[in-house]
2 protein chains.
Amino acid sequence: MGITKSEFFTDKQNSIAQLTKAFGHPARIAIIEHLLKVDTCICGELVDELPLAQPTISQHLKELKNAGIIKGNITGNAICYCIDEKAIDKIQNYFSSISTRLNNKKNKCC
Amino acid sequence: MGITKSEFFTDKQNSIAQLTKAFGHPARIAIIEHLLKVDTCICGELVDELPLAQPTISQHLKELKNAGIIKGNITGNAICYCIDEKAIDKIQNYFSSISTRLNNKKNKCC
DNA sequence: TTTCTTTATCGTAATATTGCAATATACAAT
DNA sequence: ATTGTATATTGCAATATTACGATAAAGAAA
């Protein structure tokens, strides 16, 4: 099928899945890491940095934006994309809570 | 195309992308959360818990296993799947480092 | 041995994702 | 107004993912 049965899962589960899915491509990881490296980021830089064509990069930026991981400001005819800290906090808190819950488990079976 | 150009990215980028991608489906998030809730987990429980058919769940378990997020022990004719803490640590450390690097940025443009 | 239970695999259909060339858009510069 | 620069969108081909029915495999129970 290819379609995901989102309607059967909780909002939180869908929301975390959407966030992690958006991170689930090396190009998008590379974009995030480039955004961390520079203080101001424009798409044009990424075209030189990544081994992908400009439309492909634009598409990856769109997905990161849809997932709320980055946000973009139009400045003249360039665009300044930045990481949205809220998304990072959310995902970090989630994995941090998993880690805590794991450590609290008594009967580790494996 | 549908194929990912992994060969052009670093091992670490690919590795993080693989981990996050495996988390990027609500059913797999639900599986992880169920594994956290109970101390011992078998696939049969999941079939009752999740709104998906058994082959589909088996497939999701396989992907989590391939990504190193869970590991399975055969016990009789059942299988005990558990979360692999190393994977959680890895992903948690990654997002934690992103968070730190974000906070250290001076020129926030957005 | 036969049957039941549990999990995996195969095959297949439907949909999603990835990637890019071509093109559009929109502002800047001349 | 024309040209150049930066980014987005469209359209398409190739591949991946999701889901499930049917079936296989393998140990447990009878």
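Chain letters run A, B, ... following the sequence lines, proteins first and then strands; every chain starts at 1.
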Would you say a side-chain N or O of B/T56 is under 4.0 Å from OP1 or OP2 of D/dA19?
-> no
Tell me what A/L52 touches on the nucleic acid: a base, only sugar-phosphate, or nothing, going by heavy atoms under 4.0 Å.
-> sugar-phosphate
For the residue pair A/F95 and B/F23, does the interplanar ring angle fall in the parallel (under 30°), tilted (30 to 60°) or perpendicular (over 60°) class?
-> perpendicular
Ignoring the backbone of B/I3, work out which of C/dA8, D/dA16, D/dT7 is nearest its side chain.
-> D/dA16
To the nearest 0.5 Å, atom NZ of B/K71 lies from atom CD1 of B/I79 at 15.0 Å
Show your reasoning for whether salt bridge (Lys or Arg N to Asp or Glu O under 4.0 Å) applies to B/K37 and B/E49.
-> CA-CA 12 Å; B/K37 211 164 53 181; B/E49 197 81 11; 3.5 Å; yes
Does a nitrogen or oxygen in the side chain of A/Y81 sit under 4.0 Å from OP1 or OP2 of D/dA8?
-> yes
Looking at A/H60, does any N or O in its side chain come under 4.0 Å of the phosphate oxygens OP1/OP2 on C/dT17?
-> no
Write down the distance between CG (B/N73) and P (C/dT6), rounded to a whole number of angstrom.
-> 18 Å
Starting at CD1 of B/I79 and ending at P of C/dT5, how long is that distance when rounded to a whole Å?
-> 18 Å
Quick one: which of D/dA8, D/dA19, D/dT9 gets closest to the side chain of A/K62?
-> D/dT9
Compute whether any side-chain donor of one residue and acceptor of the other, for B/T20 and A/K21, lie under 3.5 angstrom apart.
-> no
So what does A/I42 hit on the nucleic acid, given a heavy-atom distance under 4.0 Å: a base, only sugar-phosphate, or nothing?
-> sugar-phosphate
Kindly say if B/K21 contacts the phosphate of D/dA16, meaning a side-chain N or O under 4.0 Å from OP1 or OP2.
-> no
Taking for each residue the nucleotide of DNA chain D with the nearest heavy atom, is it A/T4 or A/Q54 whose nucleotide lies nearer the 5' end?
-> A/Q54
For B/I57 and C/dT7, what is the distance between atoms CD1 and C1' respectively, to the nearest whole Å?
-> 11 Å
For the atom pair CG (B/L64) and CD1 (B/I83), what is the distance rounded to the nearest 0.5 Å?
-> 9.0 Å
Donor-acceptor pair under 3.5 Å: do we get one between A/Q59's side chain and the base of D/dA8?
-> no
If you check every side-chain atom of B/N77, which of C/dT5, C/dA21, C/dA16 has the closest atom?
-> C/dT5
Mapping B/E63 and B/P55 to their closest nucleotides on DNA chain D, which lands nearer the 5' end?
-> B/E63
Measure the distance from NE2 on A/H25 to P on C/dA16 and round it to the nearest whole Å.
-> 18 Å
Candidate nucleotides D/dT9, C/dA21, D/dT7, ranked by approach to the side chain of A/A78 - the nearest = D/dT7
Within less than 4.0 Å of OP1 or OP2 of D/dC20, is there a side-chain N or O belonging to A/K5?
-> yes
For B/L64 and C/dA8, give me the distance from atom CG to atom C1', rounded to whole Å.
-> 16 Å
